[in-house]
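Worksheet for the structure shown next.
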Number of protein chains: 2
Amino acid sequence: MKRDSRLSSVLHALVHMAEREGPMTSEELAACMHTHPVVVRRTMGLLREAGLVRSARGPQGGWRISADLGTVTLRQLHETLGEPAIFAIGNRQDMPGCLVEQAVNAALDDAFTEAEALLLTRLGQITLADLAADFSRRHAGRREGST
Amino acid sequence: MKRDSRLSSVLHALVHMAEREGPMTSEELAACMHTHPVVVRRTMGLLREAGLVRSARGPQGGWRISADLGTVTLRQLHETLGEPAIFAIGNRQDMPGCLVEQAVNAALDDAFTEAEALLLTRLGQITLADLAADFSRRHAGRREGST
DNA sequence: GTTTCATGTAACTTCGTTTATTACGAATTA
DNA sequence: TAATTCGTAATAAACGAAGTTACATGAAAC
């Protein structure tokens with residue numbers, strides 16, 4: 001199956017932006033995350049609607065974070081991206097008339113709901129500031145220091 | 001995204017088979033789970049390799065459970081199906097050279113790993129016997145009694 | 001033994017989803 | 001006005017699951 005990697009992408013972009021004074025263009029972001037500028041705009045556009053980043057057109061334009069890193073959680077970003085489906089496994093139908101299917105779905109749904117709740121809780125406990133700090137730690141922890 | 005519904009399918013099939021004395025043909029199973037007989041064979045074939053079901057060709061042939069319902073867990077079935085990817089969300093790359101990506105991936109992987117562990121634990125606690133019992137409960141609990 | 005039933009399996013097609021790309025428009029700066 | 005950069009629609013490519021077709025194999029019934 002094809003996994004939605006937008007959360008990962010967006011985080012990558014945001015942490016890069018956090019390390020920068022000025023704005024970054026879609027082109028720069030696309031280069032560092034190995035994707036296409038239009039994909040960057042499309043995805044970052046969702047964050048802009050949520051007020052997490054700002055964009056500016058024209059020369060000297062680009063993307064810039066407009067929220068406090070310490071208050072933005074990964075869960076919030078997941079929601080901003082439209083809460084894409086978390087699981088690649090699921091039930092065949094959602095409103096089964098068959099009692100067997102009802103029993104099966106009930107059991108599976110229980111397990112999946114629990115796992116989803118845990119995941120969202122964990123994502124809610126991690127902020128962009130945490131990621132930036134972890135990056136700094138990794139950056140300091142190596143002899144040479146590139147980006 | 002297209003969700004892998006084989007676990008759900010297989011459970012549906014197994015509980016139906018558990019309610020039956022004789023074997024069920026791929027055609028019958030396909031009919032009750034609204035899919036194609038070949039898909040049934042393909043999927044049930046994996047369970048056969050694991051010794052969970054047996055198949056017989058020719059007249060009076062079909063599929064039959066060959067394991068104790070109380071000992072087969074949903075987790076075991078998930079593994080038998082080849083442990084398909086659980087999440088529809090994931091990292092872009094797995095071996096990033098970029099330190100930013102490493103930090104991002106580490107955080108995400110932690111959360112996803114935890115959620116996956118919980119899910120597998122829960123699936124490991126549910127047996128086919130539990131599902132069959134739940135079905136019986138639902139079956140008894142309704143006025144009319146069809147399948 | 002021939003017929004019929006049913007699985008075994010390899011190919012191929014269809015379908016849905018994500019990502020990539022193209023193309024053009026709009027705004028901003030110099 | 002020219003260069004830069006975002007905004008967005010439309011389209012294509014890539015991928016994987018499920019569905020379908022086609023034909024082979026084996027077992028029972030007569």
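Here is how names work: the chains are called A, B, and so on, in the same order as the sequence lines, proteins then strands, and each is numbered from 1. None of the values given here were measured: they were computed from a predicted structure.
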(request) Could you tell me which non-hydrogen atom of A/Pro84 sits nearest to which non-hydrogen atom of A/Leu81, and how far apart they are? (result) CD-O, 4.0 Å
(request) Over all heavy atoms of both residues, which pair between A/Ser8 and B/Glu101 is shortest? Give the atoms and the distance, please. (result) OG-OE2, 4.3 Å
Which of these nucleotides, [options], is closest to any side-chain atom of [X]?
X: B/Val39; options: D/dG19, C/dT7, C/dT22; answer: D/dG19
X: B/Arg48; options: C/dG8, C/dT7, D/dC6; answer: C/dG8
X: A/Arg41; options: D/dC6, C/dT22, D/dT20; answer: D/dC6
X: B/Ser55; options: C/dG8, C/dT22, D/dG19; answer: C/dG8

How close or far is atom [atom2] of [N] from atom [atom1] of [X], stated in whole angstroms?
X: B/Phe87; N: C/dT18; atom1: CZ; atom2: P; value: 17 Å
X: B/Ile86; N: D/dA17; atom1: CD1; atom2: P; value: 14 Å
X: B/His36; N: D/dA22; atom1: NE2; atom2: C1'; value: 11 Å
X: A/Asp4; N: C/dG16; atom1: CG; atom2: C1'; value: 14 Å
X: A/His34; N: C/dT18; atom1: NE2; atom2: P; value: 23 Å
X: B/Arg42; N: C/dA11; atom1: CZ; atom2: C1'; value: 10 Å

Are OP1 or OP2 of [N] and a side-chain N or O of [X] less than 4.0 angstrom apart?
X: B/Thr25; N: C/dA6; answer: no
X: A/Ser26; N: D/dT5; answer: no
X: A/Ser5; N: C/dT19; answer: yes

(request) Look up atom CE in A/Met17 and atom CD1 in A/Ile65, then write down how far apart they are to the nearest 0.5 Å. (result) 5.0 Å
(request) Quick one: label B/Gly45 by what it contacts on the DNA or RNA (base, sugar-phosphate, nothing), any heavy atom closer than 4.0 Å. (result) nothing
(request) Have a look at A/Arg6 and say if it touches a base, only the backbone sugar-phosphate, or nothing, with a 4.0 Å heavy-atom cut-off. (result) sugar-phosphate
(message) For A/Glu27, is the CD atom crowded, meaning more than 12 foreign heavy atoms sit under 6.0 Å from it?
(response) no
(request) Give me the one residue out of B/Glu19, B/His12, B/Arg20 that meets side-chain hydrogen bond (donor to acceptor under 3.5 Å, both in side chains) with B/His16. (result) B/His12
(message) Please check: side-chain N/O of A/Thr73 versus main-chain N/O of A/Gln76, any donor-acceptor pairing under 3.5 Å?
(response) yes
Short heteroatom pairs, N/O only, protein and nucleotides 28-30 of chain C, under 3.5 Å:
none

Sequence neighbours excluded and cut-off under 3.5 Å, please list the side-chain donor-acceptor pairs for residues 111-132 of chain B, or say none.
| unit_1 | atom_1 | unit_2 | atom_2 | d |
| --- | --- | --- | --- | --- |
| B/Thr113 | OG1 | B/Asp109 | O | 2.6 |
| B/Glu114 | OE1 | A/Arg122 | NE | 2.9 |
| B/Glu114 | OE1 | A/Arg122 | NH2 | 3.1 |
| B/Glu114 | OE2 | A/Arg122 | NE | 2.7 |
| B/Thr121 | OG1 | B/Ala117 | O | 2.8 |
| B/Arg122 | NE | A/Glu114 | OE1 | 2.9 |
| B/Arg122 | NE | A/Glu114 | OE2 | 2.7 |
| B/Arg122 | NH1 | B/Gln125 | OE1 | 3.0 |
| B/Arg122 | NH2 | A/Glu114 | OE1 | 3.1 |
| B/Thr127 | OG1 | B/Ala129 | N | 3.3 |
| B/Thr127 | OG1 | B/Asp130 | N | 3.2 |
| B/Thr127 | OG1 | B/Asp130 | OD2 | 3.2 |
| B/Asp130 | OD2 | B/Thr127 | N | 2.9 |

(message) I want to confirm an ordering. Mapping A/Pro84 and A/Val38 to their closest nucleotides on DNA chain C, which one lands closer to the 5' end?
(response) A/Pro84
